[in-house]
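Here is the structure we will look at, set down as structure tokens.
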Amino acid sequence: MSWDLFLSLLLVCVLLYLGVQLVRFVRADGDLTLLWAEWQGRRPEWELSDMVVWVTGASSGIGEELAYQLSKLGTSLVLSSRRANELERVKNKCLEISNLKEKDILVLPLDLTDRSSHQEATKTVLQQFGHIDILVNNGGRSQRSLFKDTSLDVYKEIMELNFLGTISLTKCVLPHMMERKQGKIVTVSSILGFIGAPLAGGYCATKHALQGFFNCLRAELTTYPEITVTNICPGPVQSNIVHNAFTEDISKKLENVGSQEHKMATSRCVRLMLISIANDLKEVWISEQPFLTVCYIWQYAPTWAWWLTNKLANRRIENFKNGVDADSSYFKPLRKKQTEKIPVFFYPLKRWKKYFE
């Protein structure tokens, strides 16, 4: 074989490889490390069965779906949130869809802002199950309001709930894990934990704080290699987080929620979360396009990210004021005639057009 032919074949192979990777990225709904773990990594069915998992914010959304998928894996569950009646509903469904028994699920109402109750709650879990394998810090609330209109009480409350409540509970559980020299601390952050977006200043602040705190904690636990710290960063997901969002005043509820159908299915998000936990990934991004691309731009090209954020800010605020979901216009479904003209793997790229109209 001549060198020219060899080099030509090598070039073709490289171009094919790059083409395949581009297609994978365009269709991706998680960062590439996470998707590699989904393909080649350890399976949740192998790693998480027979464990004791404590889930906060378990009465709805991601926490509720997490309870359902974990129950099918055979894990013992501790379900916590402020709404005891909703926790009972989630528990009953877990019993219906799995082989778990009553003794395998503990309903433990918990207010993250009542930090004085966290130590006693931890003791209750240990009395029931003897140990805690995984703590999933999922409880929290979002925000939809402009800074100029928002009371400082809102920022105080959201910091108490999302940040201080989370690290308080972690502080109660961590000594037990250190004594056993094993455990997993999983915190549901957000892609807004490392990027910024209008209408969510307080929420972004709490998620940035959680990212910084748990990155530091991971470094402090290097002498405990079997205690892992995982930050989960979802993008827009179908849940009640927008329904329960803070507004400009503590007592005011969000009037116009808008449709959530354009967002990632909660079941898919939770499946990727379980893969992340099973493979002890340190930080994962779970989001459909184009938000996944935005994550990479923020990570590797922050100057471009600022330009892009400023370009999109007015559209997001306009959506909110018009009573639709802040991100909905970025995911407007393609018309049938449009989809007939392009390959399926380029659908996400069409969504970018809406950003700049």
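This structure is a prediction, so every number in the text was calculated from the model and none was measured.
Applying the salt bridge (Lys or Arg N to Asp or Glu O under 4.0 Å) rule to pairs touching residues 147-176 yields Arg115-Glu160, sequence neighbours excluded. The ring-ring contact (aromatic ring centres under 6.0 Å, His included) analysis of residues 37-70, with sequence neighbours excluded, yields the pairs Trp36-Trp39. Listed by first then second residue, pairs satisfying salt bridge (Lys or Arg N to Asp or Glu O under 4.0 Å) with a partner in residues 265-275 read Asp29-Arg268, Glu38-Arg268, Glu45-Arg271, not counting sequence neighbours. Among pairs with a residue in residues 268-287, those fulfilling ring-ring contact (aromatic ring centres under 6.0 Å, His included) read Phe194-Trp285, Trp285-Tyr296, at least two apart in sequence or across chains. For residues 93-145, no pair satisfies ring-ring contact (aromatic ring centres under 6.0 Å, His included), with sequence neighbours left out. Residue pairs meeting the salt bridge (Lys or Arg N to Asp or Glu O under 4.0 Å) criterion with at least one partner in residues 178-189, sequence neighbours excluded, are Asp133-Arg180, Lys184-Asp280. Legend: side-chain hydrogen bond (donor to acceptor under 3.5 Å, both in side chains) pairs involving residues 193-209, not counting sequence neighbours, sorted by first then second residue: Asn162-Thr206. Residue pairs meeting the salt bridge (Lys or Arg N to Asp or Glu O under 4.0 Å) criterion with at least one member in residues 93-105, sequence neighbours excluded: Lys91-Glu102.
Under the 4.5 Å side-chain contact rule for hydrophobic residues, Phe147 and Ile317 do not share a cluster. Hydrophobic clustering (side-chain heavy atoms under 4.5 Å, transitive across Ile, Leu, Val, Met, Phe, Trp, Tyr) groups Val14 together with Tyr17.
Residues that satisfy the side-chain contact (heavy atoms from CB on, under 4.5 Å) test with Thr150, not counting sequence neighbours, are Gln143, Ser145, Val154, Tyr155, Glu248. Scanning for side-chain hydrogen bond (donor to acceptor under 3.5 Å, both in side chains) contacts around Ser142 gives Arg144, with sequence neighbours left out. Residues satisfying the ring pair (Phe, Tyr, Trp, His ring centres under 6.0 Å) criterion with Trp306, sequence neighbours excluded, are Trp298. The salt bridge (charged side-chain N to carboxylate O under 4.0 Å, His left out) check on Glu65 picks up nothing, with sequence neighbours excluded.
Summarising the geometry of Cys295 relative to Ile191, their closest heavy-atom pair is SG-CG2, 3.5 Å, with the distance given to 0.1 Å. Contact detail for Ser239 and Gly61: the closest heavy-atom pair is CB-CA, 3.8 Å. Summarising the geometry of Ile195 relative to Cys204, their closest heavy-atom pair is O-SG, 4.1 Å, with the distance given to 0.1 Å. In terms of heavy-atom proximity, Leu192 sits nearest to Ala200 at CD1-CB, 4.2 Å. Nearest approach of Ile158 to Arg141, heavy atoms of both residues: CD1-O, 3.7 Å.
Under a cut-off of 6.0 angstrom, the local environment of CG in Leu152 is sparse, with at most 12 non-hydrogen atoms contributed by other residues, nucleotides or ligands.
If you run side chain to side chain contact (heavy atoms under 4.5 Å, CB included) between Val53 and each of Ile134, Leu135, Leu79, Leu66, only Ile134 comes through.
Side chains of Asp111 and Ser117: no donor on one and acceptor on the other come within 3.5 Å.
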